[in-house]
There are 2 protein chains.
Amino acid sequence: MRFSIGEFSRMTSLSIKSLRLYHEKELLVPAEVDKFTGYRYYNEANYERAKAIKILKAFDFTLAEIKDMLDECADESELLPQLENKLHEIDSKIRRYREISSAIQELIHYQRESLMMNNKEFEVEEKELETILIAGYRMKGKYQDVGKGISLLYQKMGRQINGKAMALYYDAEYKEDDADFEVCFPIRKGKDEDGISVRELRGGKCVALIHKGPYEILGDSYKRIFAYIHDKGYWPLLPSREVYIKGPGWIFKGNPKNYLTEIQILVEG
Amino acid sequence: MRFSIGEFSRMTSLSIKSLRLYHEKELLVPAEVDKFTGYRYYNEANYERAKAIKILKAFDFTLAEIKDMLDECADESELLPQLENKLHEIDSKIRRYREISSAIQELIHYQRESLMMNNKEFEVEEKELETILIAGYRMKGKYQDVGKGISLLYQKMGRQINGKAMALYYDAEYKEDDADFEVCFPIRKGKDEDGISVRELRGGKCVALIHKGPYEILGDSYKRIFAYIHDKGYWPLLPSREVYIKGPGWIFKGNPKNYLTEIQILVEG
DNA sequence: ACTTGACTCTCCCCCAAGGGCAGGCCTTAT
DNA sequence: ATAAGGCCTGCCCTTGGGGGAGAGTCAAGT
């Protein structure tokens, strides 16, 4: 039997283009090529080889690899090393894609959550905070440096992170240039390292308010929350906390009007 | 601040080639290009955009997708649809690679096993066969057609297959052209369909011999096994079974000298 | 024998995301 | 002023083909 390229293409479900490419690369050379017309004619042996090629292609081998394997091996058992290599390759691709997948999922989740919260108006509320494990990095400087501290800490702690970025403010008053604060993340586990302190952050009774808008007008919300505390006759404890529910994103700086920040102040009384 | 392309490359860990490509594609256009020398100069805003590009590239977006996203969105929440699409893409890649991975693992396992058995000499042995669930396809024809039946059945049953291909021979004598046999696979579960019979294959006391070599000389091994049965005073039952431990592979036909076939004959007595 | 329609040939350009190199211009420091 | 190192454009290469142009071929019907 002798098959023209079109017939052979239908038999093997390989496109004519592919067959010509395989011929050029000497991966699948037609049994007969008409010297005058250049027409390719395939036979049974070509068909067997084409089947092998398709299987190996389905295993994600490149054409060059397939050529080597088919030319140098006569039995499947000789393919074992190549198969093992390819298996490792595939498995590391899977690992990589899994990481990407969970990173995207996390980002989507985060965006969804902050979209949901964006239409609400927020009131001062009282709640009970739980004790959590945090990794903190103490800094002195301007409030704007909080962002840098967060990205630093994020890179250090990577996959141990278990919640949204926070900052603890140790000053009882507003300080322009010399504020004393600590950026931190809730974490699953970790150890002290490079100025990073890992410890429990005690919970307790707390007055909280979600602030919507740019950080420049955080003062308004602080005013509201302190008025509330005063009204109730509570006594505010230090450090106060800011939880950055939605801030400048990883990708865009975003619109500061949509930033969400929860101010939490532990109180006594 | 104004950075030359080399400086900017070091800052962003993007190669100079990439930066020039991104410029050409208008993905990342330098803040300033010297009209006379063509030198590119980048600024802070370029740096922010480069960071975004790197993140999206890490998420496996193409440059064109990244350009669209960065040009048309001002906030991360607007990226949600694209992120979800990409997540689906990534997840289907993971599924695909997982299938490849398990197929390769199976093939490796199979090859390893048959390599191990290849140095042994085999003797007739007695053993107890368990009852198994099989999918069988009854055929009449030549013994050479067994191969075709097996690939047909393999394609139908796919992932339900739970063991090596077998054939059941219902003739008490050797038949050249008109043999009555049934190719089958052990399976996990399944239903009758298109002439495929799914049922239990009863086990029992059995005399078995692993035959090494081409199918043409299976007769020699049958002679040995029947001699043994006769010696012991057993009574052979039909159908007899052949289990194709190693035959022509998926990829190569392989060397028939290394084929391994277990002949199993249930006996009474 | 001729025509016609379906096949097939080679050759060239295209995709993504750059890598590598050649030949020439530019900047900067000494 | 000069040298070293930076930067420019332009061209070819990679993988696994897809698309199409223009020309030649094959097989069947008339």
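Below, chains carry the letters A, B, ... as their sequence lines are ordered, and counting in each starts from 1.
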Peer 1: How close or far is atom C1' of C:dG18 from atom NE2 of B:H23, stated in whole angstroms?
Peer 2: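 For the pair B:H23 NE2 and C:dG18 C1', the rounded distance is 17 Å.
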Peer 1: Which nucleotide in the list D:dG18, C:dC9, C:dG18 gets nearest to the side chain of B:L63?
Peer 2: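 When the side chain of B:L63 is considered, C:dG18 is the closest of D:dG18, C:dC9, C:dG18.
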Peer 1: Given C:dA17, C:dT27, D:dC7, which nucleotide is nearest the side-chain atoms of B:D34?
Peer 2: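 That would be C:dT27.
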Peer 1: Regarding C:dC7, can its base be found pairing with the side chain of A:Y39 as donor and acceptor, where the two atoms are less than 3.5 Å apart?
Peer 2: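 Flag set: donor-acceptor pair detected.
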Peer 1: If you assign each of B:S15 and B:K25 to its closest nucleotide in DNA chain C, which residue comes earlier from the 5' end?
Peer 2: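 By nearest-heavy-atom nucleotide position, the 5'-most residue is B:K25.
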Peer 1: OP1 or OP2 of C:dG18 sitting under 4.0 Å from any side-chain N/O of B:K57?
Peer 2: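 Checking C:dG18 against B:K57, a side-chain N or O does come within under 4.0 Å of OP1 or OP2.
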Peer 1: Between B:R96 and B:D91 (salt bridge meaning N to carboxylate O under 4.0 Å), is one present in this structure?
Peer 2: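 So B:R96 does not pair with B:D91 through a salt bridge.
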Peer 1: Please state whether the phosphate of C:dT8, meaning OP1 or OP2, lies under 4.0 angstrom from any side-chain nitrogen or oxygen of A:S4.
Peer 2: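 Result: yes.
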Peer 1: Output the rounded distance in Å from CD1 (A:I16) to C1' (C:dC9).
Peer 2: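 In whole Å, C:dC9 C1' lies 11 Å from A:I16 CD1.
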Peer 1: Just N and O in the side chain of B:Y22: are any of them under 4.0 Å from OP1 or OP2 of C:dG18?
Peer 2: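 It does, given that an N or O in the side chain of B:Y22 lies less than 4.0 Å from OP1 or OP2 of C:dG18.
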Peer 1: How many Å lie between CZ on A:F8 and P on C:dC7, as a whole number?
Peer 2: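 The answer, rounded to whole Å, is 18 Å.
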Peer 1: Just to be sure I understand the rule, does A:F36 reach a base, reach only the sugar-phosphate, or reach nothing, if contact means heavy atoms closer than 4.0 Å?
Peer 2: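 No contact at all - A:F36 keeps every heavy atom at 4.0 Å or more from the nucleic acid.
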Peer 1: Can you tell me how far C1' of D:dG17 sits from CG of A:L19, to the nearest Å?
Peer 2: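 The answer, rounded to whole Å, is 12 Å.
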Peer 1: Hey, which of these two, A:S18 or B:T37, hits DNA chain D nearer its 5' end, going by closest nucleotide?
Peer 2: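 Upstream on the strand: B:T37.
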Peer 1: Taking atom NZ as the centre, does B:K142 end up with more than 12 heavy-atom neighbours from other residues, nucleotides or ligands that are less than 6.0 angstrom away?
Peer 2: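 No.
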Peer 1: In whole Å, I'd like the distance from the OH atom of A:Y41 to the C1' atom of C:dC7.
Peer 2: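 Between C1' of C:dC7 and OH of A:Y41: 10 Å.
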Peer 1: Considering the options B:F8, B:Y22, B:Y47, which one meets the ring-ring contact (aromatic ring centres under 6.0 Å, His included) requirement together with B:Y42?
Peer 2: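 One option only clears the test, and that one is B:F8.
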Peer 1: At under 4.0 Å, does any side-chain N or O of B:K17 touch on OP1 or OP2 of D:dG10?
Peer 2: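 Answer no for this pair, as no side-chain N or O of B:K17 is under 4.0 Å from OP1 or OP2.
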Peer 1: For B:R20 and D:dC8, is the shortest distance between a side-chain N/O and OP1 or OP2 below 4.0 Å?
Peer 2: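 The answer is yes; a side-chain N or O of B:R20 sits under 4.0 Å from OP1 or OP2.
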Peer 1: Write down the distance between CG (B:L56) and C1' (C:dA17), rounded to a whole number of angstrom.
Peer 2: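 For the pair B:L56 CG and C:dA17 C1', the rounded distance is 16 Å.
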Peer 1: Would you mind reading off the distance between B:L21 atom CG and C:dG20 atom C1', rounded to a whole angstrom?
Peer 2: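 Checked: the CG to C1' distance equals 15 Å.
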Peer 1: Would you please classify the geometry between the A:Y215 ring and the A:Y259 ring as parallel, tilted or perpendicular, with 30° and 60° separating the classes?
Peer 2: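 The arrangement is tilted - the two ring planes meet at 30° to 60°.
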Peer 1: What is the distance from CD of A:E24 to C1' of C:dT8, rounded to the nearest Å?
Peer 2: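 Rounded to the whole Å, the gap is 16 Å.
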Peer 1: A:R40 near the nucleic acid: base, sugar-phosphate alone, or nothing, with a heavy-atom cut-off under 4.0 Å?
Peer 2: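 A:R40: backbone/sugar contact only, no base atoms under 4.0 Å.
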Peer 1: Measure the shortest side-chain to side-chain distance between A:K140 and A:D178 over non-hydrogen atoms and say whether it is less than 4.5 angstrom.
Peer 2: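 Of all side-chain heavy-atom pairs linking A:D178 with A:K140, at least one is under 4.5 Å.
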